[in-house]
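What follows is a single structure, written as structure tokens, with notes after it.
For reference, positions follow the sequence shown, starting with 1. Computation of the quantities below employed the complete heavy-atom set of this structure, encompassing side-chain atoms and omitting hydrogens, waters and symmetry-equivalent molecules.
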Amino acid sequence: MFGSTSLLPTLIKSDITKLGEAADVVSQAIRQSMPGIIGVHFEGPHLNVTKKSIHNNEHIRKISEDELQTYCRKDLGKELVTVAPESILPEQIPSVTPEQPFYYYRIPAFTGVYVSMLALLKAVDGRIANFAGIKYTFKPLLIHSVSTL
């Protein structure tokens with residue numbers, strides 16, 4: 001079998017009302033065992049405005065308590081929440097995904113921000129209970145993902 005077997009419907013930046021509505025739709029799809037729907041991806045509201053790409057500024061913001069409550073719902077399956085580091089306090093991270101592992105994902109080739117991974121590990125030690133690891137993509141490694149056939 002080839003192709004996608006499951007997916008996370010993605011909500012791109014929106015206001016809190018739409019975010020809640022999207023969560024309700026995903027929850028209903030999971031309850032009804034809709035084929036392939038295993039959770040939700042919230043992307044966009046918590047980006048860095050200087051690195052926002054095509055997103056407009058209208059809905060870019062720091063995480064609110066209402067959003068934390070939405071992200072903590074137990075009926076949303078697997079969750080992926082895209083967050084700029086400056087949009088969330090380290091102490092808030094366990095509340096976003098309390099029962100799921102938290103991975104720090106960094107692509108300096110795209111962001112232009114270079115962070116020492118050792119310094120990051122030392123900084124989160126004991127502060128983020130569900131910290132599980134780092135996904136780090138460095139530009140020189142990207143050349144290995146291109147086929148030369």
Side-chain angles (χ1 to χ4, degrees), residues 1-115 117 119-121 123-139 141-142 145-146:
M1 176 177 266
F2 298 95
S4 297
T5 59
S6 53
L7 60 95
L8 303 174
T10 300
L11 175 68
I12 297 178
K13 68 176 179 358
S14 188
D15 61 42
I16 187 68
T17 303
K18 290 250 192 287
L19 187 125
E21 290 170 359
D24 291 342
V25 168
V26 169
S27 174
Q28 182 179 3
I30 290 171
R31 273 194 320 276
Q32 294 175 349
S33 299
M34 185 174 287
I37 305 295
I38 62 168
V40 62
H41 176 198
F42 296 107
E43 179 182 7
H46 316 300
L47 300 176
N48 179 319
V49 292
T50 64
K51 302 190 181 329
K52 63 184 175 61
S53 184
I54 62 168
H55 300 278
N56 65 37
N57 293 346
E58 183 180 356
H59 296 298
I60 295 177
R61 61 193 175 272
K62 292 188 185 279
I63 291 181
S64 71
E65 286 303 314
D66 287 341
E67 288 161 318
L68 283 174
Q69 287 179 6
T70 298
Y71 301 151
C72 291
R73 287 176 52 170
K74 306 247 186 254
D75 59 340
L76 298 177
K78 305 237 180 246
E79 286 184 66
L80 176 59
V81 182
T82 304
V83 179
E86 60 275 10
S87 295
I88 188 169
L89 297 170
E91 293 76 20
Q92 288 178 304
I93 292 171
S95 358
V96 175
T97 57
E99 296 175 15
Q100 296 185 22
F102 170 76
Y103 291 91
Y104 180 79
Y105 186 82
R106 184 50 119 192
I107 312 173
F110 299 133
T111 64
V113 177
Y114 295 86
V115 175
M117 293 299 102
L120 175 69
L121 290 171
V124 300
D125 188 32
R127 293 181 75 193
I128 302 174
N130 56 340
F131 182 78
I134 298 168
K135 174 155 179 27
Y136 183 72
T137 304
F138 186 58
K139 192 173 185 176
L141 297 176
L142 295 177
S145 66
V146 177

Problem - Residue pair Val40 / Leu8: nearest heavy atoms and the distance that separates them - result: N-CD2, 3.5 Å

Exercise for the section: With sequence neighbours left out, write down each residue that passes side chain to side chain donor-acceptor pair (under 3.5 Å) with Glu43, or none if nothing qualifies. Expected result: none

Practice task
Among residues two or more places apart or on two chains, list those pairs meeting salt bridge (Lys or Arg N to Asp or Glu O under 4.0 Å) that have a residue in residues 59-71.
Solution key: Arg61-Glu67

Handout entry: side chain to side chain donor-acceptor pair (under 3.5 Å) against Thr10, all qualifying residues, sequence neighbours excluded
Key = His41

Exercise for the section: Mind checking side chain to side chain donor-acceptor pair (under 3.5 Å) for Arg73 and listing every partner two or more places apart, or none if nothing turns up? Expected result: Asp24, Asp75

Problem - ring pair (Phe, Tyr, Trp, His ring centres under 6.0 Å) pairs, two or more places apart, involving residues 6-25 - result: none

Completion exercise
Pro45 and Ser14 have their tightest heavy-atom pair at CB-O, 4.5 Å

Problem - Sequence-distant partners of His59, side chain to side chain donor-acceptor pair (under 3.5 Å), two or more places apart - result: none

Exercise for the section: Determine the minimum heavy-atom distance between Pro9 and Gly39, stating which atoms define it. Expected result: CD-O, 3.0 Å

Problem - Residue pair Glu79 / Phe42: nearest heavy atoms and the distance that separates them - result: OE1-CE1, 3.9 Å

Problem - Rounded distance [0.5 Å steps], CZ in Phe131 versus CG in Asp125 - result: 9.5 Å

Problem - Heavy-atom pair of closest approach, residues Arg127 and Ala123 - result: CD-O, 3.1 Å

Handout entry: CD1-CG distance between Ile37 and Leu7, expressed to the nearest 0.5 angstrom
Key = 4.0 Å

Practice task
Check Thr70 against Leu76 and note the closest heavy-atom contact, atom names and distance.
Solution key: O-CD1, 3.5 Å

